Amino acid sequence: MDKLERQLEEKYIGRLAEAGEKACQIAITGGWYQNITGNLRSSIGYVIGYNGKVIKEGGFHKIKGRGENYQHVVFTTRSGKHVDFWAKAKYGDGSEGSRKGLEFARSFIMGKQGYSFVLVAGMEYASYVNSKGYNVIDTAEIELRKIVG
């Protein structure tokens with residue numbers, strides 16, 4: 001019976017992880033907000049836990065921001081060299097968001113009994129951005145509910 005239970009548990013965890021990965025991808029690509037520092041998108045991820053311990057985590061990928069007041073510059077030099085870049089931009093590499101998101105998600109499962117699954121946008125301003133009508137993880141949550149059922 002132990003072997004069967006382990007197999008079922010592995011399948012269950014695998015299904016949750018697949019759902020988490022898909023939800024993260026939907027949230028990251030479907031976010032309707034600017035990507036100034038990259039931190040908000042980088043803070044999106046999930047953690048699966050059992051009795052307060054992490055057994056699987058995903059997402060929280062560092063996504064480079066484009067900066068504020070950015071402008072896409074594309075031109076060809078006299079020598080024929082193609083130039084393509086974003087100018088006037090303050091940007092980040094998303095590392096702060098990745099770290100904060102993971103910490104935030106892990107804090108949710110601490111002390112919980114049984115299985116836990118949490119999908120987060122872990123920056124402290126995520127709910128503010130969402131309250132302004134921007135899709136942060138709303139679409140991802142809806143899709144997650146469809147997948148997991």
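Computed from a predicted model, the values in this text were never measured in an experiment.
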- Message: Any non-hydrogen side-chain atom of Arg15 less than 4.5 Å from a side-chain atom of Val148?
- Response: no
- Geometric cation-pi criterion, Arg41 with Tyr33: 6.0 Å, 45°: yes
- Message: Could you see if Ile13 belongs to whatever hydrophobic cluster contains Phe108? Use Ile, Leu, Val, Met, Phe, Trp, Tyr and a side-chain cutoff under 4.5 Å.
- Response: no
- Message: So Val129 and Met123, do their side chains get closer than 4.5 Å, heavy atoms only?
- Response: no
- Under 3.5 Å, is there a donor-acceptor pair between the side chain of Ser42 and the main chain of Ile63? yes
- Query: Any link between Val120 and Val54 through a network of hydrophobic side chains (Ile, Leu, Val, Met, Phe, Trp, Tyr) touching at under 4.5 Å?
  - Reply: yes
- Student check: side-chain heavy atoms of Tyr115 and Asn51 closer than 4.5 Å: no
- Note on the structure: Rounded to the nearest 0.5 angstrom, the CZ-CZ distance for Arg106 and Phe60 is 8.0 Å
- Mark yes when over 12 heavy atoms from residues, nucleotides or ligands other than Tyr128 sit less than 6.0 Å from its OH; otherwise mark no. no
- What is the distance from atom CZ of Phe104 to atom CZ of Arg99, rounded to the nearest 0.5 Å? 14.0 Å
- May I ask you to decide if Lys64's main-chain N or O and Asn35's side chain share a donor-acceptor pair within less than 3.5 Å? yes
- Message: Please say yes or no: joined through hydrophobic side-chain contacts below 4.5 Å, possibly via intermediate residues, are Leu16 and Tyr46 part of one cluster?
- Response: yes
- Which heavy-atom pair separates Gly45 from Cys24 by the least distance, and what is that distance? CA-SG, 3.4 Å
- Task: Specify the closest pair of heavy atoms between Ser43 and Ala121, including all atoms of both residues, with the distance to one decimal.
- Result: OG-C, 3.5 Å
- Message: I'd like to know if Glu10 pairs up with Arg6 as an ion pair, taking the criterion as any Lys NZ or Arg NE/NH1/NH2 lying under 4.0 Å from an Asp or Glu carboxylate oxygen.
- Response: no
- What one should report as the nearest heavy-atom pair of Leu40 and Ile44 is O-CG1, 3.6 Å
- Query: Is Val118 reachable from Ile48 through a run of I, L, V, M, F, W or Y residues, each pair having side-chain heavy atoms under 4.5 Å apart?
  - Reply: no
- Query: Any donor and acceptor pair, going by atom type alone, linking the side chain of Asp84 with main-chain N or O of Val74 inside 3.5 Å?
  - Reply: no
- To the nearest 0.5 angstrom, please state how far the CG atom of Asn39 sits from the OG atom of Ser95. 7.0 Å
- Query: If you group Ile, Leu, Val, Met, Phe, Trp and Tyr by side-chain heavy-atom gaps below 4.5 Å, do Ile109 and Leu102 land in one group?
  - Reply: yes
- Can you measure from CD (Glu143) to CD (Glu141) and round to the nearest 0.5 angstrom? 12.0 Å
- Task: Might you point out which heavy atoms bring Ala140 and Ala23 nearest each other, and give the distance in Å?
- Result: CB-O, 3.1 Å
- Message: Once rounded to the nearest 0.5 Å, what's the spacing between atom CG of Leu119 and atom CD1 of Ile137?
- Response: 4.5 Å
- Donor on one side chain, acceptor on other, Gln34 and Tyr134, under 3.5 Å: no
- Query: Is any NZ, NE, NH1 or NH2 atom of the basic residue among Glu96 and Lys100 found under 4.0 Å from an Asp or Glu carboxylate oxygen of the other?
  - Reply: yes
- Taking every non-hydrogen atom, the tightest pair across Val136 and Ala126: CG2-O, 3.8 Å
- Message: Under a 3.5 Å threshold, yes or no: a donor from one side chain and an acceptor from the other, between Gln7 and Tyr12?
- Response: no
- Backbone N or O of Gln25 within a donor-acceptor pair of the Thr29 side chain at under 3.5 Å? yes
- Message: Using every non-hydrogen atom in the two residues, find where Val47 and Glu57 come nearest and quote the distance to one decimal.
- Response: CG2-CB, 3.9 Å
- Query: Any donor-acceptor pair under 3.5 Å linking the side chain of Thr76 with the backbone of Gly80?
  - Reply: no
- Query: Backbone N or O of Ile142 within a donor-acceptor pair of the Lys146 side chain at under 3.5 Å?
  - Reply: no
- Item | Rounded distance [0.5 Å steps], OH in Tyr50 versus CD in Glu9 | 7.0 Å
